[in-house]
Amino acid sequence: MADWGPVVIAVVLFVLLSPGLLVQIPGKNRFMEFGNMQTSGLSILVHTIIYFGLVTIFLIAIGVHIYAG
């Protein structure tokens, strides 16, 4: 049996936390901007820290597992 939990969680969070796609923290003009499709170095750093924190929570603390096969 293959454990697809880490793959699914990582892909979904990567898509949702891509800077500028849904939200950008910090934005260019305001603290938070929605759907502006732009990014900056600071925004990439903030989204990376949020991504790492959420992946750690879902995979290590909660232990999400999805078995297929």
Side-chain angles (χ1 to χ4, degrees):
M1 281 194 276
D3 185 11
W4 285 94
V7 175
V8 171
I9 295 296
V11 169
V12 168
L13 286 177
F14 182 80
V15 169
L16 292 177
L17 289 173
S18 295
L21 184 63
L22 296 177
V23 66
Q24 180 180 349
I25 304 170
K28 294 209 181 258
N29 299 324
R30 291 178 281 170
F31 175 71
M32 183 182 294
E33 294 182 359
F34 295 96
N36 64 356
M37 298 302 288
Q38 297 177 357
T39 189
S40 66
L42 183 59
S43 176
I44 292 170
L45 179 66
V46 169
H47 283 257
T48 302
I49 293 169
I50 294 170
Y51 175 82
F52 177 75
L54 289 176
V55 165
T56 303
I57 290 170
F58 283 122
L59 298 183
I60 295 175
I62 297 175
V64 175
H65 297 284
I66 301 172
Y67 293 105

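Residue numbers start at 1 and run along the sequence shown.
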Mind checking the [atom1]-[atom2] spacing from [X] to [Y]? Nearest 0.5 Å is all I need.
X	Y	atom1	atom2	value
Tyr67	Asp3	OH	CG	4.5 Å
Leu42	His47	CG	NE2	9.5 Å
Leu59	Leu54	CG	CG	10.5 Å
Leu45	Ile50	CG	CD1	10.0 Å

Single-linkage hydrophobic cluster, 4.5 Å side-chain cutoff, Leu21 and Val46 together = no
Linking I/L/V/M/F/W/Y whenever any side-chain heavy atoms sit under 4.5 Å apart, do Phe52 and Ile62 land together?
-> no
Output every pair passing side chain to side chain donor-acceptor pair (under 3.5 Å) with a member in residues 34-43, not counting sequence neighbours, ordered by first then second residue.
-> Gln24-Asn36, Glu33-Asn36
Please table the atom pairs, donor to acceptor, closer than 3.5 Å between any side-chain atom in residues 4-20 and protein atoms at least two apart or in another chain.
residue, atom, partner, partner atom, Å
Ser18, OG, Phe14, O, 2.7

Heavy-atom pair of closest approach, residues Met32 and Val23 | CG-CG2, 3.3 Å
